[in-house]
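Notes follow once the structure below has been shown.
Quick note on labels: first sequence line is chain A, next is B, and so on, each numbered from 1. Bear in mind the structure is a predicted one, so any value in this text is a computation, not a measurement. Heavy atoms only: backbone and side chains are in, while hydrogens, waters and symmetry mates are out.
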Protein chains: 2
Amino acid sequence: MRTARRPGASGCGIDAAMEVIGGKWKSSILWALNERACRFGELRRMLPGVTEKVLASHLREMETDGIVHREVYDEVPPRVEYSLTPLGVTLNEALAPLGEWGREHLLGGRADHHVDATGDRVSG
Amino acid sequence: MRTARRPGASGCGIDAAMEVIGGKWKSSILWALNERACRFGELRRMLPGVTEKVLASHLREMETDGIVHREVYDEVPPRVEYSLTPLGVTLNEALAPLGEWGREHLLGGRADHHVDATGDRVSG
DNA sequence: CCGCATCCCATATGATACTG
DNA sequence: CAGTATCATATGGGATGCGG
């Protein structure tokens with residue numbers, strides 16, 4: 001990531017967007033945070049298999065991209081909470097159709113999914 | 001690609017979809033083919049910077065994924081044409097919102113884009 | 001012209017250990 | 001708990017050359 005793929009390669013913003021969500025866990029993080037703010041350790045547990053390094057890297061990139069907000073509480077037990085910015089929410093919304101497509105055509109099934117990123121709970 | 005990222009990582013189809021369009025040039029290819037069928041060399045020219053190997057690899061993966069159709073004409077001058085399958089068209093449509101998001105929020109501008117992937121010319 | 005095979009490198013990702 | 005540093009590995013992707 002952050003390699004700034006040559007602009008205008010495809011002529012639309014997909015390429016640019018792909019860079020933002022290009023990380024292996026980016027979409028998962030996005031999805032996890034879509035419901036509520038989470039602490040570092042929480043995200044770790046919600047994303048089985050991700051390592052601290054990768055999680056931290058992705059989180060920082062996403063923060064740089066303006067889709068994730070990092071709230072630090074300098075309490076005695078260190079605490080940091082990550083949440084989606086309004087921009088992150090819009091990204092999640094833009095991602096929804098793709099998610100549905102994948103579910104429909106790839107996972108080969110439309111379970112009665114609980115529409116989280118379709119605009120129902122974009123309040124956070 | 002083809003690594004079959006662990007299913008259910010994020011709980012929705014985004015992860016699955018990401019695998020289909022995960023290649024560096026996948027989305028560009030998709031976008032290029034969205035307008036009309038193209039020959040190998042054409043695609044090469046349309047995607048400045050891509051190498052034959054990568055282009056061929058991506059094309060094959062996309063064919064395997066059922067989003068690209070490969071038509072072979074065994075004429076004296078070898079000719080092969082690639083085009084989007086109906087599934088590929090739907091993928092492009094699902095990708096449209098993401099593309100718009102990227103254009104709006106990343107490229108920082110909504111030029112009066114010629115809506116190619118929004119369903120206007122999904123005829124082929 | 002279409003496409004594949006091989007070698008090579010850059011990068012992303014992962015495992016582990018350590019610091020505040 | 002949060003985050004960093006280092007090392008190791010896997011994969012993608014690029015360069016080049018060959019075959020149909």
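Looking at every heavy atom in both residues, Ser83(A) comes nearest to Ala37(A) through CB-CB, 3.8 Å.
One distance of note links CG of Leu30(A) with CD1 of Ile14(B); it measures 7.0 Å at 0.5 Å rounding. Here CG of Leu43(B) is found 5.0 Å from SG of Cys38(B). Values are rounded to the nearest 0.5 Å.
Checking dT13(C), dC1(C), dA15(D) against the side-chain heavy atoms of Val54(A) singles out dT13(C) as nearest.
What separates OH of Tyr73(A) from P of dG20(C) is a distance of 25 Å, to the nearest Å. For Leu55(A) and dT4(D), the CG to P distance is 11 Å, given to the nearest whole Å. Separating the CD atom of Glu19(A) from the C1' atom of dA12(C) is a distance of 14 Å, rounded to the nearest angstrom. At whole-Å resolution of the value, CD in Glu75(A) and P in dC1(D) are 14 Å apart. Rounding to whole angstrom units, CE of residue Met62(A) and C1' of dA12(C) are separated by 16 Å. In this structure, CH2 of Trp25(A) is placed 10 Å from P of dT13(C), rounded to the nearest angstrom.
OP1 or OP2 of dG14(D) has at least one side-chain nitrogen or oxygen of Lys24(B) nearer than 4.0 Å. For the pair His58(A) and dT13(C), the criterion of a side-chain N or O lying under 4.0 Å from OP1 or OP2 is met.
Taking 4.0 Å as the cut-off between side-chain N and carboxylate O, Lys26(A) and Glu61(A) count as a salt-bridged pair. Of the charged side-chain nitrogens involved, at least one lies within less than 4.0 Å of a carboxylate oxygen, so that Arg79(B) and Glu81(B) count as a salt-bridged pair.
Applying the ring pair (Phe, Tyr, Trp, His ring centres under 6.0 Å) test to residues at least two apart or on different chains, the pairs with a partner in residues 77-101 of chain B are Trp101(B)-His105(B).
Placement of Leu84(B) and Val72(B) within a single hydrophobic cluster is found when ILVMFWY residues are connected by side-chain heavy-atom separations under 4.5 Å, directly or transitively.
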Could you pull out the protein-nucleic contacts involving nucleotides 3-9 of chain C (nitrogen or oxygen on both sides, under 3.5 Å)?
from, atom 1, to, atom 2, distance (Å)
dG3(C), OP1, Arg70(B), NE, 3.3
dG3(C), OP1, Arg70(B), NH2, 3.1
dG3(C), OP1, Tyr82(B), OH, 2.9
dG3(C), OP2, Tyr82(B), OH, 3.0
dC4(C), OP1, Arg60(B), NE, 3.3
dC7(C), N4, Lys53(B), NZ, 3.4

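Toward the 5′ end of DNA chain C lies the nearest nucleotide of Val50(A), the other residue of the pair Pro78(A) and Val50(A) mapping further downstream.
The residue Pro77(A) sits apart from the nucleic acid: no heavy atom pair falls under 4.0 Å.
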